[in-house]
Amino acid sequence: MDLDHMKAVALAAAYSGGSYIRSRLDRTRRIDHKGEIDLVTEADLGSERRIIDIIRASFPDHTILSEEHGLTEGRSAYKWIVDPLDGTTNFAHGLAACCVSIALVKENRPIIGIVWGPFTDELFSAVRGAGAYLNGRRLTVSGIDRVGDSLIATGFPYNVRTIMAPVINRLTRCLEASQGIRRLGSAALDMCYVAAGRFEAFWEEQLHPWDTAAGHLIVTEAGGQVTDFDNRPFEPEMKSILASNGRIHHRMLELLDVKGIE
Ligand code: IPD
Ligand code: CA
Ligand code: CA
């Protein structure tokens with residue numbers, strides 16, 4: 001299979017979905033609820049339709065897993081994992097921190113990752129073994145090796161109200177230990193910001209493959225590390241994610257281990 005062609009299709013799909021999201025920002029937004037605090041807007045659905053159409057037109061045999069549409073099984077070993085709008089709550093409130101996230105996975109390993117922020121025009125991309133880039137500039141994670149000097153991001157899952165204690169315990173421990181904590185509202189961008197050296201680490205629990213598959217490849221190709229909270233190597237189905245510059249990974253795992261105090 002031609003990797004360059006697959007990357008070109010991923011880019012075309014991300015630009016098409018993201019351009020649609022951008023066109024909806026100043027319009028009256030139709031917002032529906034998937035859960036009490038979990039939203040879906042016409043921008044999520046319109047972006048998804050455009051992305052799936054572009055992937056299908058080039059690769060009708062490939063499997064596609066997309067957040068709103070679900071799984072469409074294909075006969076090929078290739079699987080596209082799509083978040084058509086990561087940061088829906090931000091978008092619904094007119095905040096620019098959102099993106100399209102598209103990964104191509106083979107045998108459960110991401111081989112292409114594309115994250116495009118339609119309001120910032122930042123394009124994060126990675127191909128396995130070929131490095132990570134931001135708008136054509138090669139990315140490397142930050143060199144900071146102390147949590148006390150680190151800016152760290154986290155996120156709160158939609159079911160946070162049912163798992164408050166461990167979420168707050170982890171937050172408290174990381175707040176005490178770090179230079180600062182940010183909550184951006186887009187897990188895919190959080191991971192890309194680790195790759196770009198803006199954050200030293202990002203953690204969140206209860207994530208989905210579409211939140212993390214592209215970001216994982218971008219972080220690792222920038223020299224960083226992605227595991228779960230038990231230090232198991234990344235797999236797309238993993239729910240608890242720690243992405244870091246590698247240098248503070250071990251200390252972050254210790255801080256996130258709240259089993260004894262739950
Ligand atoms: C959400 C965002 C958010 C994270 C949530 C995700 P969505 O994705 O990435 O930052 O905290 O856990 O579900 O719903 O905006 O695609
Ligand atoms: Ca998401
Ligand atoms: Ca989404």
Side-chain angles (χ1 to χ4, degrees), residues 7 10-11 13-15 17-19 21-22 47 51 67 80-91 95-105 109-144 150-156 180-204 207-227 234 236 238 240-249 252:
K7 184 180 174 193
L11 283 172
Y15 282 132
S19 302
I21 294 168
R22 195 161 58 187
S47 169
I51 292 167
E67 181 176 6
W80 296 81
I81 301 183
V82 176
D83 193 334
L85 200 183
D86 187 51
T88 295
T89 306
N90 283 346
F91 174 82
L95 294 174
C98 64
C99 63
V100 174
S101 172
I102 299 177
L104 177 61
V105 168
R109 291 177 76 213
I111 54 173
I112 294 175
I114 301 289
V115 172
W116 185 49
F119 300 108
T120 54
D121 198 16
E122 287 196 318
L123 175 70
F124 296 90
S125 64
V127 173
R128 179 169 292 279
Y133 292 83
L134 164 54
N135 292 347
R137 180 173 60 81
R138 183 95 187 228
L139 292 179
T140 20
V141 293
S142 96
I144 289 176
S150 295
L151 186 60
I152 297 173
T154 190
F156 306 118
I181 302 284
R182 297 290 180 268
R183 197 291 196 235
L184 209 62
S186 162
L189 283 181
D190 286 316
M191 294 179 81
C192 290
Y193 286 13
V194 172
R198 296 170 182 172
F199 295 144
E200 276 61 52
F202 160 70
W203 89 90
E204 186 171 342
L207 288 169
H208 298 280
W210 45 82
D211 299 313
T212 56
H216 153 262
L217 188 63
I218 293 165
V219 170
T220 52
E221 286 296 324
Q225 200 177 341
V226 185
T227 67
F234 176 83
M238 247 169 200
S240 298
I241 295 291
L242 169 63
S244 84
N245 65 359
R247 294 169 177 90
I248 64 163
H249 207 84
M252 283 300 298

Exercise. Aromatic rings Phe234 and His216: how do their planes relate, parallel, tilted or perpendicular, breaks at 30° and 60°?
Worked result: parallel
For this session: Compare all side-chain heavy atoms of Leu242 with those of His249 and state whether any distance is below 4.5 angstrom.
Result: yes
Exercise. Any side-chain heavy atom of Met252 within less than 4.5 Å of one from Ile152?
Worked result: yes
For this session: Could you check if a side-chain atom of Leu151 sits within less than 4.5 angstrom of a side-chain atom of Ile144, using non-hydrogen atoms only?
Result: no
Problem set entry | Between CG on residue Asp83 and CG on residue Leu85, distance to nearest 0.5 Å | 7.0 Å
Problem set entry | Glu67 vs His208 side-chain heavy atoms within contact, under 4.5 Å | no
Exercise. Parallel, tilted or perpendicular: which fits the ring planes of Tyr15 and Trp116, with parallel below 30° and perpendicular above 60°?
Worked result: perpendicular
Exercise. Do the non-hydrogen side-chain atoms of Leu95 and Phe119 ever get within less than 4.5 Å of each other?
Worked result: no
Problem set entry | Distance, nearest 0.5 Å, that separates SG of Cys192 from CZ of Arg198 | 9.0 Å
Problem set entry | Atom pair CD1 (Ile114) and NZ (Lys7), whose distance is rounded to the nearest 0.5 Å | 5.5 Å
For this session: Take Gln225 and Val141 through the test side-chain contact (heavy atoms from CB on, under 4.5 Å) and record every step on the way to the result.
Result: CA-CA 10 Å; Gln225 200 177 341; Val141 293; over 6 Å; no
For this session: Would you check, one step at a time, whether the test side-chain contact (heavy atoms from CB on, under 4.5 Å) holds for Ile81 with Trp210?
Result: CA-CA 5 Å; Ile81 301 183; Trp210 45 82; 4.1 Å; yes
Problem set entry | Ile241 CD1 to Thr227 OG1 distance, which is reported to the nearest 0.5 Å | 7.5 Å
Problem set entry | Contact summary for Leu217 and Pro110, nearest pair of heavy atoms | CD1-O, 3.6 Å
Exercise. Got a donor-acceptor contact below 3.5 angstrom from the Ser47 side chain to the Pro84 backbone?
Worked result: yes
Exercise. Just wondering, do Leu189 and Phe124 contact through their side chains at under 4.5 Å, heavy atoms?
Worked result: yes
Problem set entry | Heavy-atom check, side chain of Trp80 versus side chain of Ile51, under 4.5 Å | no
Exercise. What's the spacing between Cys99 SG and Leu123 CG if we round to 0.5 Å?
Worked result: 11.0 Å
Problem set entry | Spatial distance of atom CG (Asp190) from atom CZ (Arg183) [nearest 0.5 Å] | 7.5 Å
Problem set entry | Flag, side chain of Thr154 to backbone of Trp203, donor-acceptor distance under 3.5 Å | yes
Seminar exercise, completed: side-chain contact (heavy atoms from CB on, under 4.5 Å) test vs Phe202 passes for just one of Val194, Val226, Thr212, Val219, namely Val194
Exercise. Are Glu200 and Ser244 side-chain neighbours, meaning at least one heavy-atom pair lies under 4.5 Å?
Worked result: no
